[in-house]
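Computed from a prediction, not measured in an experiment: that's the story for all the values here.
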Amino acid sequence: MILAMSAAGASIAKAAPDVPVSSETPENGVTSWITPEPEQSVLDFWTPERIRQATANPLPAPTVIKDAAGKAHERTLRHVEVEPQAAKAATADSVAPLRLRQKAAQTSPLTAATIGDLSRSDLASPLGPDINITGRLFFDAGNDRLGTCSAAVIVANNKNSIWTAGHCLHSGKGGGFYSKFLFAPGYDETAPWGFWPVKSIIVSSAWADDSDHLWGDMGGGIVTAQSEYGNLQDWIGAYGYRFNSASDINGVTSLGYPVDGYNRPNSEFQNGSKPMYCHGNAVDAGNWNPFDNRLKLACDMGHGASGGPIVADFQGNSQIVGTNSHRVADESGNWTENYMYSSNHGGNAVGVINWLNSH
């Protein structure tokens, strides 16, 4: 349950996963892993007790290092040089749930007037059926550590894809993929729309190779279709996406399952058991520095919100434009401001979604 924290850059403290690095397959700017774990064994592994353990035992928090700024700058230069060679943009419209349309019709649509700007996160449950597209992602981080992040269903040709932060899937430079991934869409104290084992995992190689939180903290997975529900996208719906390197975007909504927040009692977050949201304008975190085009949104959500989507035009043509990635911290690891950051979703995000669309 980590939310990466950084000043100008960060080194991620890792729990070394049991999955060997050699299981990874690097290709065209992405790094993938086809899990060898049978679907039923993943479902059997996630007992109610293990789900409680995942909630209660966050992964080690990242630490800020003094020379982080220089290292981040060097990493970013490498990826900026590669970026023009990749596709610069990819878009897809959102998909409404086929089997939940009746419930959707019973709920008033969310509008900018009703949601308003919200930097102190609030419960997202009342906002209607589109909330169900976001859910909790459970995983085994190795070394007897279980974890959880946030994730969301994303439009893809296979109709069974999810989107999250790279650090929720892979421990970054020098590490490997976590294992036993299980996605629970619409999680709200329980899993009303079922548990979906994830059979394939994909992250940007910028994350896998360099722990690059400026340009690369993004990834996804493909779940196994369930006999009770069919394809995930048909059942629950899916957010579209707009990956084009933009970082100033008005009226975005950040969704996730935080267990804590900036300058706020942990008791107000109900141990990450309910979805929460912030809403406002995303701005360029680097103040037009060409080497830092992260998205920055006023939002207090903390650990557990990692991997949650940042969505433009929520409950309209809902499109993912970023992913909850990290917060700014001092050298003691304390958050210093009320902002959530996302890696820029440009060429690296396009590479990940292209992989999902082709598998």
**Request:** Output yes when K159 and D234 qualify as a salt bridge under the 4.0 Å nitrogen-oxygen rule, no when they do not.
**Result:** yes
**Message:** For the backbone of S94 and the side chain of N317, can you confirm whether one donor and one acceptor N or O come within less than 3.5 Å of each other?
**Reply:** yes
**Request:** Walk me through it: do S325 and H167 pass the test side chain to side chain donor-acceptor pair (under 3.5 Å)?
**Result:** CA-CA 8 Å; S325 174; H167 75 256; 4.7 Å; no
**Message:** Measuring from atom OG of S273 to atom CD1 of I51, what distance do you get when rounded to the nearest 0.5 angstrom?
**Reply:** 12.5 Å
**Request:** Measure the CG-CD1 distance between N132 and I236 for me, rounded to the nearest 0.5 Å.
**Result:** 4.5 Å
**Prompt:** Heavy atoms, side chains only, cut-off 4.5 Å: are P197 and Q226 in contact?
**Reply:** yes
**Item:** Ring-face cation of R50 near F45 (centre distance under 6.0 Å, axis angle within 45°)
**Value:** yes
**Message:** For W46 and F138, take the angle between the two ring planes, folded into 0 to 90°, and tell me which bin it lands in: parallel under 30, tilted 30 to 60, perpendicular over 60.
**Reply:** tilted
**Asked** For Y339, does the OH atom have more than 12 heavy-atom neighbours from other residues, nucleotides or ligands under 6.0 Å away?
**Response** no
**Asked** Could you walk me through whether Y239 and I154 pass the side-chain contact (heavy atoms from CB on, under 4.5 Å) check?
**Response** CA-CA 5 Å; Y239 302 135; I154 191 168; 5.6 Å; no
**Asked** Where do H345 and R242 land on the side-chain contact (heavy atoms from CB on, under 4.5 Å) test, with the steps shown first?
**Response** CA-CA 8 Å; H345 276 42; R242 191 193 310 166; over 6 Å; no
**Asked** Do S318 and D313 have side-chain N/O donor and acceptor atoms under 3.5 Å apart?
**Response** no
**Message:** Please identify which of these residues, Y187, F181, Y229, W235, meets the ring pair (Phe, Tyr, Trp, His ring centres under 6.0 Å) condition with W196.
**Reply:** Y229
**Close side-chain approach of V311 to Q319, heavy-atom, < 4.5 Å** = no
**Request:** Check whether any side-chain N or O of D300 sits under 3.5 Å from a backbone N or O of N338 as a donor-acceptor pair, and report yes or no.
**Result:** no
**Message:** For L146, is there any backbone N or O sitting under 3.5 Å from a side-chain donor or acceptor partner on Y178?
**Reply:** no
**Asked** CD1 of I249 to CG of L295: how many Å apart, nearest 0.5 Å?
**Response** 5.0 Å
**Prompt:** Could you walk me through whether K199 and E39 pass the side-chain contact (heavy atoms from CB on, under 4.5 Å) check?
**Reply:** CA-CA 8 Å; K199 62 182 180 180; E39 173 189 352; over 6 Å; no
**Prompt:** Does some side-chain heavy atom of D260 sit less than 4.5 Å from a side-chain heavy atom of W335?
**Reply:** yes
**Request:** Using a strict 4.0 Å threshold on nitrogen-to-oxygen distance, state whether R120 and E268 make a salt bridge.
**Result:** yes
**Message:** Between V198 and L137, is there a side-chain heavy-atom distance shorter than 4.5 Å?
**Reply:** yes
**Request:** Determine yes or no for a side-chain-to-main-chain donor-acceptor pair under 3.5 angstrom, with S204 supplying the side chain and A206 the backbone.
**Result:** yes
**Complete:** d(C278 SG, L118 CG) to nearest 0.5 Å is 5.5 Å
**Asked** Would you say S254's side chain and I310's backbone share a donor-acceptor pair under 3.5 angstrom?
**Response** no
**Item:** N/O donor-acceptor pair under 3.5 Å between N231 side chain and A225 backbone
**Value:** no
**Request:** Check whether any side-chain heavy atom of L255 lies under 4.5 Å from a side-chain heavy atom of S150, and answer yes or no.
**Result:** no
**Asked** Looking at F269, is R264 sitting on its ring face, NZ or CZ under 6.0 Å from the six-membered ring centre and within 45 degrees of the normal?
**Response** yes
**Asked** Does Y241 offer a backbone N or O that forms a donor-acceptor pair with the side chain of T91 under 3.5 Å?
**Response** no
**Request:** Test F314 against every option in I133, I131, V252 by the side-chain contact (heavy atoms from CB on, under 4.5 Å) rule and name the one that passes.
**Result:** I131
**Side-chain heavy-atom pair F139, L182 within 4.5 angstrom cut-off** = no
**Message:** Would you say NZ of K274 has more than 12 non-hydrogen atoms from neighbouring residues, nucleotides or ligands within 6.0 angstrom?
**Reply:** yes
**Prompt:** Will you find, in the side chains of S161 and N158, an N or O donor that is under 3.5 Å from an N or O acceptor?
**Reply:** yes
**Prompt:** What closest approach, in Å, do R327 and E337 show between heavy atoms, and which atom pair accounts for it?
**Reply:** NH2-O, 3.1 Å
**Request:** Starting from the C-alpha separation in whole Å, work towards a yes-or-no answer on side chain to side chain donor-acceptor pair (under 3.5 Å) for S343 and H213.
**Result:** CA-CA 6 Å; S343 291; H213 66 284; over 6 Å; no
**Message:** A side-chain contact here means heavy atoms from C-beta on lying under 4.5 Å apart; do I320 and F243 qualify?
**Reply:** yes
**Message:** Under a plain distance cut-off of 3.5 Å, with no hydrogens placed, do T323 and W163 share a side-chain donor-acceptor pair?
**Reply:** yes
**Prompt:** Tell me, do E189 and Q270 make a side-chain contact under 4.5 Å, heavy atoms counted?
**Reply:** yes
**Asked** Do side-chain atoms of D140 reach the backbone of G142 as a donor and acceptor pair under 3.5 angstrom?
**Response** yes
**Asked** Between D217 and W207, is there a donor-acceptor pair closer than 3.5 Å when you use the side chain of the first and the backbone of the second?
**Response** no
